[in-house]
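Position 1 is the first residue of the sequence, and the numbers go up from there.
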Amino acid sequence: MYTAEQGILTRDEMESRRLLAAQDLQTGLTQSQVARKFGVSRTTASRWHRTLNGRGVESLRKRRAPGRPSRLNAEQLKAAAEIYRAGPRAAGLDADRWTTARFAEAIFAMFGVRYDPDHAGRILHRLGLRQRTRNRGRAQEALQATPFPQSPAHLPQVGVA
């Protein structure tokens with residue numbers, strides 16, 4: 001798995017990895033071999049083995065992530081999506097572009113539910129209205145684009161023969 005090498009797996013990929021590991025454990029691979037094959041710790045492979053033997057393959061499937069239930073019901077979320085598509089002016093805001101803070105403000109005005117702007121962004125993502133971006137890539141690009149002198153004249157050259 002290419003993404004496993006990067007250390008970033010989706011919930012579906014993690015489930016797939018557990019199920020493939022379960023098959024290998026059932027066919028006789030040792031926990032150490034499974035750990036090496038899937039790039040996990042021996043402890044993780046042991047936990048998968050214990051779960052497999054105790055509760056079966058189905059217990060290795062992904063479960064819904066626990067957490068606080070949404071304070072907006074399905075109808076309210078649908079209405080919030082429609083307002084987002086209509087634009088900030090339709091929500092009574094004096095702006096032409098949405099920000100997460102403005103969206104949080106619109107939700108509060110419509111439903112009386114206050115959200116942090118960061119969480120409003122997660123709601124937008126969950127509704128499929130916005131793609132999640134990572135600032136780390138932009139910061140790295142900015143660093144690479146910054147011109148640095150190759151070898152300053154006032155510094156001695158190290159390791160040059």
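Atom CZ of R89 has more than 12 neighbouring heavy atoms from other residues, nucleotides or ligands inside a 6.0 Å radius. Counted within 6.0 Å of CG on N53, heavy atoms from surrounding residues, nucleotides or ligands total more than 12; the atom is thus considered enclosed.
With a 6.0 Å cutoff to the six-membered ring centre and a 45° limit on the axis angle, R114 counts as a cation-pi contact of F108.
For the pair V40/W48, a side-chain contact is recorded, criterion being any heavy-atom separation below 4.5 Å from C-beta on. The shortest distance between side-chain heavy atoms of L52 and Q26 falls below 4.5 Å. Inter-residue side-chain proximity for F38 and D24 is flagged as met; some heavy-atom pair is nearer than 4.5 Å. Contact of the F103 side chain with the I123 side chain is registered, since non-hydrogen atoms from C-beta on lie closer than 4.5 Å. Side-chain contact between T10 and M14 is absent, with no heavy atoms from C-beta onward closer than 4.5 Å. Within the 4.5 Å cutoff, side-chain heavy atoms of R47 are placed close to those of T44.
In summary, the side chains of R122 and H125 do not present any donor paired with an acceptor at a separation below 3.5 Å, with no hydrogens or angles considered.
The pair E105-R102 fails the salt-bridge criterion, with no side-chain N (NZ, NE, NH1 or NH2) lying under 4.0 Å from an Asp/Glu carboxylate O.
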Take S46 and T43 through the side chain to side chain donor-acceptor pair (under 3.5 Å) test and state the conclusion after the steps. CA-CA 5 Å; S46 177; T43 304; over 6 Å; no
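The two residues V34 and A45 have their closest heavy-atom pair at CG1-CB, 4.4 Å.
In this structure, the side chain of S16 does not engage the main chain of D12 through any donor-acceptor pair within 3.5 Å.
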